[in-house]
Asker: 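Just dropping this structure here.
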Amino acid sequence: MWTYYTKLAWLSIKKTPVLSVLMVVAIATGIAASLTTLTLYSVMASNPLAHKNDSLFRLQLDSWTTEWEVGFPNAMPVNITYKDAKAIYFADRADQTLLMARAGLTLERPDSDLEPTSEPSRLTTNSFFEFFDVEFVYGAPWSDSADRNGEQVAVISEGMNNRYFDGADSVGEAILLEEEIYTVVGVVSDKWSMIPNVYDFQTGGFAGPPQIYAPFFNFERRSFPIWGMIQGWKHEDTSTHAQYLESEMIWVQAWVSLIGERQFQDFNQYIHDYINEQKQLGRFDRPLKFALSTPEKWLELGQIVSRDNQILVALALAFLLVCLVNSVVLLLAKFLRKAPEAGLRRALGASRGAIFVQHLTEAAAIGLAGGLLGLMLSSLGLAGIRSLYSSYDAIAVINNFTLLAALVLALASSLLSGLIPAWQVSRAEPSRYLKTQ
Amino acid sequence: MLKMQSVKKIYRTDMIETHALRDFSLQVNQGEFVAVTGPSGSGKTTFLSIAGLLESFEGGSYHLDGQNVSKLNDNARSRLRNEKIGFIFQGFNLIPDLNIYDNVEVPLRYRGMKASARKARILKALERVGLASRQKHLPGQLSGGQQQRVAIARALAGEPAFLLADEPTGNLDSLMARQVMDMLAEINAQGMTIVMVTHDPDLARRAQRNIQIVDGEVTDFEIYEPRASRRENPSPSAVDVL
C-alpha cells in the first residue's frame, strides 16, 4: 500500500502546487535555521577528548597577586610561570607532563628560493602528540631526551611539508626556524585537527592546528615570539630572556596525565607541597589554590559555547515550531478540503487507519521535501557564516550530525505537522460527504 | 441477503431529537431488485446509510448476507463494506484526479489484492459497462452517463453481495437515465441483488418490489409484475416486508 499512498500523495501535492510549496518552504525555513545553529552548537559543544576525561588534566596554579582578581571563571590564571612549569616537569611526578606555548616561528628551507613564512607554531614537550591523538604522515614525535635537552628537532604539518618538500618524506631534512637549523623528525597529517581546540582555546577555540612544533625547552637557549596569552601582575625587570624565564609572567600551558586515583592523589599532594614550598620563598601570596581540570571541565571553564549560542539554538527551534504550526494550519485546510474524497474512500472500504496513513504519507512527503530544501538552505547559511567568520571554517560545514539532524527534524516535523490534520480527515463520516461530493 | 428488524435511528442535537427510522423492518432476498421510495426527509438516505454500513443505529438488528452486523466495530464494517456492498451514488462520486482505471481500482486496493488480479477485475468491469477503451480518461473527460457507468463498474469490480444505488439517475438526462436503468436491470437479471433509493415513481416501477418509507417507517409496499425479460429468471416470491 505504501506505493499507492505515495502515488496519492504525489497527485495531491501536484493538485495544489502553491499550497504544497508554501508548506515545504515553511518547514524548510524552520529546519534550515535549526540545522545551522544546531550544527555549530553540536561541534562547539563536543568534547573531542571525552575518552581521556579520567586521565588528562589541565594544571592551573594560583600564583596571582592579592591586589586584584584575575579574569577567569575559576579565578585563577589560565597558564603557569616558566619556572613553575620547569620545576613540575623535572620533578616527574605525573605519568606525563606537557608544557607548551603558542609561538610564531619563521620557517624556511636552506638553499631554497621559497620565501620564508611566519607560521602559528607550538613549542611543546612531546606528550602533546600522544595527549591530543595527533596523526603522523611521516616520522614520529621527538624523543624524551630531545625534550629534556631542548634539541633542535621539529615536526611540521603536511601543508608545510607539501610547500617545502613537495609532499616527499622530509624526515631527516634540515629546515630553518627563526634562522636556526632544525631537523625534521615527523610530519603531522592535515586530517588531524581538534575541534574545539581543547589544548588552547584562549587563542581561538576553533583555530586550525599548528604548522610547526619544536621542543619546549628550546626556550632555555633563546626567546621565541609568543603568540599565546601572557598574563602578568608584578612589576619586575624582564629585559633579558633569562630574567623573563625567572619572572612571574604567566604564559606556559601545562597538562598532565595521571593514571589511577593513587597517582592523582599523589600529584595533588605534590602540588600542594610545592606551593607551600614556594610560599616560604615569598611567592604565591594568595591562599593555596590550584586546579586540575579534565578536558570537559576545561571546555566548560573556557565557555567555548557561549550563552548566546544556546539562546540562538532555542530561538531557532522556537522558529521551527512556529513554521510547524503554520504547516499544520495549511495541511489542515488542505486535508479538510479533501474530506469528501476521504468519505468516499471510507464508503468503498478504507478503514480510518488507511485514510490516516494515506494522509500522513502526504505530510511525510512534504516534510521530507522540506528537510531536503532545509538542508540546502542550511548549507547556504553555513557558507554565509564561513564567509563572515574565518575562524568558523572548520565547524560551519555540513557533517554527519547535520545530515542525521535533517532527517530527524524532517520526519519529526512532518509527523508532528501531519498528525492532527491526518487524524481529523480520517474521522470523516462517509455518509456526510457522499451526497455533497 | 439483507434483513433489518426493528431498526431505530435517532439524530440528536442539543435541542432536538429526530427519529430518522422508527421500528424499521425490511428483508431483501438474493437476486431481488428493490426500490425504496418516499418523500424528502422520510428516512430513505438514513436507511441507505445503515444498509451500507456507513452509519450505526440504536435499536434492532441488521443481518447482512447471514451475518449479524449490528455491533461490528469500524474496521470490521469497513471490511464488510469493501467486500459485500457496491455503492452507486447520485453524484457518481468519482475521484476527479484519478483516471477511470484508478477509480475502479479504489475498492480493490483496500482489499489487498495483487496487481494482476486487480487488473483482470477492473478490465472485466469496464468491459461490462462498455468503457474499457476509456480507462486512461479522467472523469471530467466523460459524459454524466459514462461517469455513472464507471461508478457501476467500480461497484461491480469488487464482486459485491449486493448493490446499493442512491438516486442513480438523479443527475442524468432522460436518455442517459434510461441507459443506466437498463444496465442495472441487466445486472439484476444476471443475479445481482439491487436496492435502489429513488423518489421517481417511474424508476421505482422498473424494480420488482417497491418499498415506501414515510417518517422512518415502511408504510406501503407493492410487488410489480415481472417483466418479460424476468420471466426467464424468476425472482424470489417471498413476501418480504416484515
Asker: List the steps and the verdict of side chain to side chain contact (heavy atoms under 4.5 Å, CB included) for B/Asp102 and A/Lys7.
Answerer: CA-CA 11 Å; B/Asp102 290 340; A/Lys7 177 185 168 183; 3.0 Å; yes

Asker: Please determine whether the number of non-hydrogen atoms from other residues, nucleotides or ligands lying under 6.0 Å from atom NE2 of B/His199 exceeds 12.
Answerer: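 Counting other residues, nucleotides and ligands, NE2 of B/His199 stays at 12 neighbours or fewer.
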
Asker: Any side-chain heavy-atom pair from B/Val106 and A/Tyr4 closer than 4.5 angstrom?
Answerer: yes

Asker: Report the option among B/Arg111, B/Arg79, B/Arg109 that has the most heavy-atom pairs separated by less than 4.5 Å from atoms of chain A.
Answerer: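 Result: the option with the highest number of such pairs is B/Arg109.
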
Asker: Give, as side chain, backbone, both or neither, the part of B/Arg154 having an atom under 4.5 angstrom from any heavy atom of chain A.
Answerer: side chain

Asker: If you look at every heavy atom in A/Lys15 and B/Pro96, which pair is closest and at what distance?
Answerer: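 Taking every non-hydrogen atom into account, NZ-CG, 4.5 Å.
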
Asker: Do B/Asp97 and A/Lys14 have side chains that approach each other closer than 4.5 Å (heavy atoms only, starting at C-beta)?
Answerer: no

Asker: Does A/Val329 have any side-chain contact (heavy atoms from CB on, under 4.5 Å) partners at least two apart in sequence or in another chain, and if so, which?
Answerer: none

Asker: Compare every heavy atom of A/Ala354 with every heavy atom of B/Tyr110, then report the nearest pair and how far apart it is.
Answerer: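 Looking at all heavy atoms of both residues, the closest pair is CE2-CB, 4.0 Å.
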
Asker: Quick one: what part of B/Leu98 sits under 4.5 Å from any heavy atom of chain A, side chain, backbone, both or neither?
Answerer: side chain

Asker: So, do B/Ile95 and A/Leu344 sit near enough that their side-chain heavy atoms are less than 4.5 Å apart?
Answerer: yes

Asker: Show the nearest heavy-atom pair for residues A/Ser351 and B/Asn75, with the distance to one decimal.
Answerer: CB-OD1, 3.4 Å

Asker: Is the number of heavy atoms from other residues, nucleotides or ligands under 6.0 Å of A/Glu296 CD greater than 12?
Answerer: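 Atom CD in A/Glu296 is not packed in, count stays at 12 or less.
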
Asker: Would you please name every residue forming a salt bridge (Lys or Arg N to Asp or Glu O under 4.0 Å) with A/Arg346, sequence neighbours left out?
Answerer: B/Asp74

Asker: Around atom CH2 of A/Trp423, are there more than 12 heavy atoms of other residues, nucleotides or ligands at under 6.0 Å?
Answerer: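 It does not: A/Trp423 CH2 has 12 such atoms or fewer within range.
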
Asker: Can you check whether anything in residues 50-62 of chain B gets within less than 4.5 Å of chain A, heavy-atom wise, and list it by number?
Answerer: B/Leu54, B/Glu55

Asker: Between B/Ser78 and A/Ala350, which heavy-atom pair has the shortest distance, and what is it?
Answerer: OG-O, 3.6 Å

Asker: Locate the shortest heavy-atom distance separating B/Phe87 from A/Ala347; write the atom from each residue and the value.
Answerer: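 Heavy atoms of B/Phe87 and A/Ala347 come nearest at CE1-O, 3.2 Å.
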
Asker: Please check if the number of heavy atoms outside A/Arg427 that lie under 6.0 Å from its CZ is greater than 12.
Answerer: yes

Asker: Just distance, no hydrogens or angles: give the donor-acceptor pairs under 3.5 Å from side chains in residues 119-132 of chain B, sequence neighbours left out.
Answerer:
unit_1	atom_1	unit_2	atom_2	d
B/Arg121	NH1	B/Ala157	O	3.0
B/Arg128	NE	B/Gln190	OE1	3.4
B/Arg128	NH2	B/Gln190	OE1	2.3

